[in-house]
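Okay, structure first, notes after.
Lettering of chains follows the sequences in order, A, B, ..., and the numbering in each one begins at 1. Model, not experiment: these values are computed from the prediction.
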Amino acid sequence: MASKRYWLMKTEPDTFSFDDLIACPDRTDGWDGIRNYQARNFMRDEFKKGDQVFIYHSNTDLPSIVGIAEVVREAYPDNTALDPKEKYYDPKSAAKGESRWVQVDVKAKKRLKKPMSLKEIREIPQLSTMALVKKGMRLSIQPVSKDEWSELIKLGSPSPL
DNA sequence: GCCAACGTTGGC
DNA sequence: GCCAACGTTGGC
């Protein structure tokens, strides 16, 4: 079995926060609405059950990694793309009758006792390799290396929910 | 609210 | 296949 991998997923807390995920049944929800090929391909091709995910709040006063979730279901079609009433409706998918987008299910696991803000992350040399701190990096789903993960765990002190 | 960086679309 | 126009992301 391939070793566990680590990821970072962005979300806008005004739309869907880490607390919203915790409030879901079994603390689990489908991570839908991803409309970027690179991000989709990570989910479709590389996300495996058991992978660990940092949840990052973007577009907010203090952009930060706030929690940890686990992949509990691997990629399946994101059919919000087919529904004109949905925010992430995709006419091209609808025209084909088949969504070109996928989602995975993630389950909230831990909260960082000390959320790690983007500002702090930038200041830590060991984390300078993270895609998150690279100029112009807007990718909403990014791989995290084992070393980066360990460093963030050390600093963020996650505790079980 | 601004705007730089990036991704997608569509005419040619 | 090129690339200009347009839309989105997301920090500040």
Side-chain angles (χ1 to χ4, degrees), chain A residues 5-24 29-47 51-69 71 74-106 108 110-145 147-149 151-158:
Chain A
R5 294 196 58 181
Y6 304 98
W7 306 96
L8 179 145
M9 290 171 129
K10 296 181 187 174
T11 185
E12 300 189 10
D14 288 349
T15 306
F16 188 82
S17 69
F18 186 60
D19 283 330
D20 291 334
L21 179 61
I22 292 172
C24 290
D29 202 21
W31 205 264
D32 58 17
I34 298 297
R35 297 291 179 267
N36 170 282
Y37 284 113
Q38 219 182 329
R40 178 201 69 179
N41 293 348
F42 281 134
M43 287 198 292
R44 187 189 61 189
D45 305 334
E46 303 190 37
F47 269 56
D51 284 0
Q52 303 293 113
V53 182
F54 281 131
I55 304 298
Y56 175 82
H57 282 172
S58 66
N59 241 319
T60 186
D61 282 352
L62 193 63
S64 310
I65 295 173
V66 296
I68 293 173
V71 178
E74 294 175 10
Y76 61 102
D78 175 359
N79 287 327
T80 62
L82 305 180
D83 183 351
K85 294 191 293 297
E86 287 284 346
K87 180 176 176 197
Y88 295 105
Y89 174 60
D90 170 28
K92 287 201 170 168
S93 290
K96 277 192 73 182
E98 186 180 10
S99 181
R100 56 176 162 168
W101 305 109
V102 303
Q103 61 189 317
V104 297
D105 284 358
V106 295
K110 295 180 180 180
R111 186 192 300 279
L112 299 199
K113 273 188 275 187
K114 184 182 177 327
M116 292 298 296
S117 72
L118 182 60
K119 185 164 180 295
E120 291 171 286
I121 292 168
R122 283 192 200 286
E123 286 167 356
I124 296 158
Q126 293 93 319
L127 299 178
S128 62
T129 47
M130 289 189 75
L132 193 65
V133 301
K134 300 245 166 82
K135 184 162 170 272
M137 177 47 74
R138 304 183 315 181
L139 195 57
S140 59
I141 294 181
Q142 316 175 348
V144 173
S145 76
D147 288 347
E148 292 159 356
W149 182 272
E151 185 68 19
L152 280 159
I153 291 296
K154 197 171 78 188
L155 299 168
S157 309

Practice item. Report yes if the distance between the aromatic ring centroids of A:Y37 and A:W101 is under 6.0 Å, otherwise no. Key: yes

**Study point:** Partners meeting ring-ring contact (aromatic ring centres under 6.0 Å, His included) with A:F47 (sequence neighbours left out)
**Key:**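 Applying ring-ring contact (aromatic ring centres under 6.0 Å, His included) to A:F47 gives A:W7.
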
Revision key, fill the gap. Applying ring-ring contact (aromatic ring centres under 6.0 Å, His included) to A:F18 and not counting sequence neighbours gives none

Check your understanding: Reading nucleotides 2-12 of chain B from the 5' end, what letters show protein touch, with B for base, S for backbone sugar-phosphate only, - for no heavy atom under 4.0 Å?
Key -> ---BBSSSS--

Exercise for review: Indicate the atoms forming the closest heavy-atom contact of A:L152 with A:M130, along with that distance.
Suggested key: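 The answer is CD1-SD, 3.7 Å.
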
Check your understanding: Between A:D90 and A:R100, is the closest basic N to carboxylate O distance under 4.0 Å?
Key ->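 Salt bridge flag = yes for A:D90 with A:R100.
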
